Number of protein chains: 2
Amino acid sequence: MMELTRKGEYAIRGILYLARQPQGKLSLVGEIAAASGVPKTFLAKILQDFTKVGLVYSFRGTGGGFSLARTPDRITLREVVEAVEGPILPNRCLIGAGSCENDSSCLVHPVWKRVRDEIVTILDGVTIEELAGEDHPT
Amino acid sequence: MMELTRKGEYAIRGILYLARQPQGKLSLVGEIAAASGVPKTFLAKILQDFTKVGLVYSFRGTGGGFSLARTPDRITLREVVEAVEGPILPNRCLIGAGSCENDSSCLVHPVWKRVRDEIVTILDGVTIEELAGEDHPT
DNA sequence: CTATAAAAAGACAAAAAAGGTCCTTTAGGT
DNA sequence: ACCTAAAGGACCTTTTTTGTCTTTTTATAG
Ligand code: SF4
Ligand code: SF4
């Protein structure tokens, strides 16, 4: 239950690769895929998701590629996961008004809300810089 | 992401019905299904899961049915969810040794561990008595 | 301005999981 | 013996996951 999909796992691996590259350097899909062991065409889709939400920059044509749009210390694990998997929702009733008729009276509702809030808090508290294992120079 | 399945939702509804019945009374699948709005045959499977892990008692034949195996205050939401969905695992690496080769060096690993521990803590802290909305006589 | 390079977009498809149904068997009562 | 109700298992449909492939767009180099 509550399992991260492969897409989510790949997304993390992919962005970690980018985080480990020298600032401003562009990486090709094929290069990232090979290094992180992710199917190339699948990773391409993931990188598109990243681009859409503004996590990475993409450049087409000769000399193109991908780079982070922000420094690794300002990208949280939550952003990465949500970019490809959508918002963290342990239950439908958290989607919004009307998704479950009795969310006002239901006593289970607040429990799932707590669960979501805890997960979000944890994932928001982790940056990909920490995960990339770079000790940033003081 | 991280969404409870219908089976899990149904499981909660089903056990809440049982929790609201007078102590020791037996309920039929059909009865529980109708009252909680769950497909009868599907609920039957869920109740079988409950029986397997010892959450409910089942009796066959005339006058048979289901009842809780414990008082509602000693059944946690976690037990109910895990009975039908399996253990709470935000990522494969938490399954056990060898499920991911690099779980010792991977910096993401401890994050998922924290996520799981938090979810488990929350769900363990909620009993189905609280959820059933019975104010138990002091 | 044309060839080349690389990402974007979108259609397609296999495999797995979710969500059920149905039928036969087993166990208990009358 | 006969009825009742759960257990077990085979089967099915739909949705989601996990990809692939082809075409289009955008950019650069010569
Ligand atoms: S937890 Fe309660 S409010 Fe949320 S979907 Fe289930 S019944 Fe509805
Ligand atoms: S988080 Fe790390 S240890 Fe866990 S599956 Fe992913 S790479 Fe492996």
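Hydrogens, waters and symmetry mates play no part in the numbers below; they use all other heavy atoms, side chains included. We name chains A, B, ... by the order of the sequence lines, and we start the count at 1 in each one. Note that the structure is a prediction, hence the values are computed from the model and not measured.
Residues satisfying the side-chain contact (heavy atoms from CB on, under 4.5 Å) criterion with A:K40, sequence neighbours excluded, are A:V29, A:A33. In this structure, the side-chain contact (heavy atoms from CB on, under 4.5 Å) partners of A:D117, at least two apart in sequence or on a different chain, are A:K113. For B:R70, the side chain to side chain donor-acceptor pair (under 3.5 Å) partners two or more places apart in sequence, or in a different chain, are B:E79. Residues passing the salt bridge (charged side-chain N to carboxylate O under 4.0 Å, His left out) test with A:R78, sequence neighbours excluded: A:E82, A:D124. A:T62 pairs by the side-chain contact (heavy atoms from CB on, under 4.5 Å) definition with nothing, not counting sequence neighbours.
Place A:K7 and A:T62 on DNA chain D by their nearest nucleotides, and A:K7 ends up nearer the 5' end. Both A:G63 and B:P39 sit near DNA chain C, but only A:G63 has its closest nucleotide nearer the 5' end.
A salt bridge does not link A:E118 with A:R114: every distance from a Lys NZ or Arg NE/NH1/NH2 to an Asp or Glu carboxylate oxygen is 4.0 Å or more.
In this structure, B:F59 belongs to a hydrophobic cluster whose other members, linked by side-chain heavy atoms under 4.5 Å apart, are B:L26, B:Y57.
In terms of phosphate contacts, A:T41 brings a side-chain nitrogen or oxygen within less than 4.0 Å of OP1 or OP2 of D:dT20.
B:E31 places its CD atom 11 Å from the P atom of D:dA5, with the value rounded to the nearest Å. With rounding to whole Å, A:L43 atom CG is found 11 Å from D:dT20 atom P.
Across all strands, A:Y10 comes closer than 4.0 Å only to sugar-phosphate atoms, never to a base (heavy-atom distances).
Evaluation of the salt bridge (Lys or Arg N to Asp or Glu O under 4.0 Å) test over residues 25-35 of chain A, restricted to residues two or more places apart or in two chains, returns A:K25-A:E31.
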Problem - Nucleic acid footprint by protein, nucleotides 6-12 of chain D - heavy-atom cut-off 4.0 Å, B for base, S for sugar-phosphate alone - result: BBBB---

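Counting 5' to 3', DNA chain C first comes under 4.0 angstrom of a heavy atom of chain B and last does so at the ends given by C:dG19 to C:dG29.
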